[in-house]
Trainee: 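Below is a structure I'd like to ask you about.
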Amino acid sequence: MAERIYVKGHTGILSVKDASTYKPLVCLTSTSVDRSANTSEMVNYCTQGETVTQIDSISRSVSFEAIIVDESDLDGGTGYADLVAIMETKESHTFKIEGRDGDQYFTAIITSLSDTFPGDGNATFSGTMTVQGEFSATEPTDPDA
């Protein structure tokens, strides 16, 4: 039996598109992708009284956690303040996750951001994005280009 190769969590780098390049969200501690089936149920004469469940659509979201760093130490990355500004635009943006079955591109809106400044320890933040459409292995084209 072949030796198993496990994927390391730190390879899942989350980045946001800024002009023509992708800027990583710095000091991520975790990312997670959720896919949920939105279902409906029906019972009628055609189903002989049995409940039939069908999938109407799929919802996708990305959650992330990170450490807040001094904005002067970002080395080209995107910090918490940048994410707050992105959220405040109330618009969707293009993101990329590297290392999760190759690069995965998606358009999303940031639907939640929260920060924690403990008395002892690093300041952290977490957030959730609602993906619009599907994940893609190819970078989306800019319709305004």
Trainee: Are the side chain of Thr29 and the backbone of Glu65 linked by a donor-acceptor contact shorter than 3.5 Å?
Mentor: yes
Trainee: Just checking, any donor-acceptor pair under 3.5 angstrom between side chains of Tyr22 and Glu98?
Mentor: no
Trainee: Drop me the distance from Lys17's NZ to Thr107's OG1, to the nearest 0.5 angstrom.
Mentor: 9.5 Å
Trainee: Going from NZ on Lys23 to CG on Asp18, what distance comes out if it is rounded to the nearest 0.5 angstrom?
Mentor: 4.5 Å
Trainee: So if you build clusters from Ile, Leu, Val, Met, Phe, Trp, Tyr with side-chain heavy-atom gaps below 4.5 Å, do Val62 and Val84 land together?
Mentor: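 The answer is yes; both residues are in one hydrophobic cluster.
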Trainee: How far does OG1 of Thr89 sit from CD1 of Ile109, to the nearest 0.5 angstrom?
Mentor: 9.5 Å
Trainee: For Thr31 and Leu28, which heavy atoms make the closest approach, and how far apart are they?
Mentor: CG2-CD1, 3.9 Å
Trainee: Not counting sequence neighbours, which residues clear side-chain hydrogen bond (donor to acceptor under 3.5 Å, both in side chains) with Ser114? List them please.
Mentor: Ser126
Trainee: Membership question, hydrophobic clusters at under 4.5 Å side-chain separation (ILVMFWY): are Met87 and Val131 in the same one?
Mentor: yes
Trainee: Any chance you could measure Asn122, atom CG, to Thr116, atom OG1, to the nearest 0.5 Å?
Mentor: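 Atom-to-atom, Asn122:CG and Thr116:OG1 are 12.0 Å apart.
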Trainee: Would you confirm whether Ser57, through its side chain, and Asn38, through its main-chain N or O, come within 3.5 Å as a donor-acceptor pair?
Mentor: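 Answer holds: no.
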Trainee: Which residues pass the side-chain hydrogen bond (donor to acceptor under 3.5 Å, both in side chains) test with Glu134, sequence neighbours left out?
Mentor: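 side-chain hydrogen bond (donor to acceptor under 3.5 Å, both in side chains) list for Glu134, sorted by chain: empty.
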Trainee: If you draw a 6.0 Å radius around CD in Gln54, do more than 12 non-hydrogen atoms from other residues or ligands fall strictly inside?
Mentor: yes
Trainee: Rounded to the nearest 0.5 Å, how far does CD1 of Ile58 lie from OG of Ser36?
Mentor: 8.0 Å
Trainee: Can you tell if the side chain of Arg60 reaches within under 4.5 Å of the side chain of Phe135, non-hydrogen atoms only?
Mentor: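 Side chain of Arg60 against side chain of Phe135, heavy atoms only: contact under 4.5 Å found.
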Trainee: Per the ring-ring contact (aromatic ring centres under 6.0 Å, His included) rule, what does the pair list look like for residues 111-130, sequence neighbours excluded?
Mentor: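 Those involving residues 111-130 are Tyr80-Phe125.
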Trainee: Kindly give the heavy-atom pair with the smallest separation between Phe95 and Ala108, and that separation in Å.
Mentor: CE1-O, 3.8 Å
Trainee: Is there a side chain to side chain contact (heavy atoms under 4.5 Å, CB included) between Leu14 and Met129? Walk through the geometry before answering.
Mentor: CA-CA 12 Å; Leu14 178 62; Met129 295 182 278; 3.8 Å; yes
Trainee: Partners of Ser61 by side-chain hydrogen bond (donor to acceptor under 3.5 Å, both in side chains), sequence neighbours excluded?
Mentor: none
Trainee: Glu88: which residues meet the side-chain hydrogen bond (donor to acceptor under 3.5 Å, both in side chains) condition with it, sequence neighbours left out?
Mentor: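 Once residues adjacent in sequence are excluded, Glu88 has no partner under the side-chain hydrogen bond (donor to acceptor under 3.5 Å, both in side chains) criterion.
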Trainee: Indicate, with yes or no, if Val33 and Phe106 share a hydrophobic cluster defined by side-chain heavy-atom contacts under 4.5 Å among Ile, Leu, Val, Met, Phe, Trp and Tyr.
Mentor: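 In one cluster: yes.
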Trainee: Please name the pair of heavy atoms, one in Thr94 and one in Pro140, separated by the smallest distance, quoted to 0.1 Å.
Mentor: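 Here Thr94 and Pro140 meet closest at CG2-CG, 3.8 Å.
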Trainee: Can you see which heavy atom on Ala123 is nearest to which on Pro118, and at what distance?
Mentor: CA-CD, 4.1 Å
Trainee: Say you draw a straight line from OG of Ser136 to CG of Asp103; how long is it, rounded to the nearest 0.5 Å?
Mentor: 10.5 Å
Trainee: With side chain to side chain contact (heavy atoms under 4.5 Å, CB included) as the test, would you mind laying out the steps for Leu83 and Phe64 before giving the verdict?
Mentor: CA-CA 12 Å; Leu83 289 172; Phe64 53 90; 3.9 Å; yes
Trainee: Which residues satisfy the side chain to side chain contact (heavy atoms under 4.5 Å, CB included) test with Ser20, sequence neighbours excluded?
Mentor: none
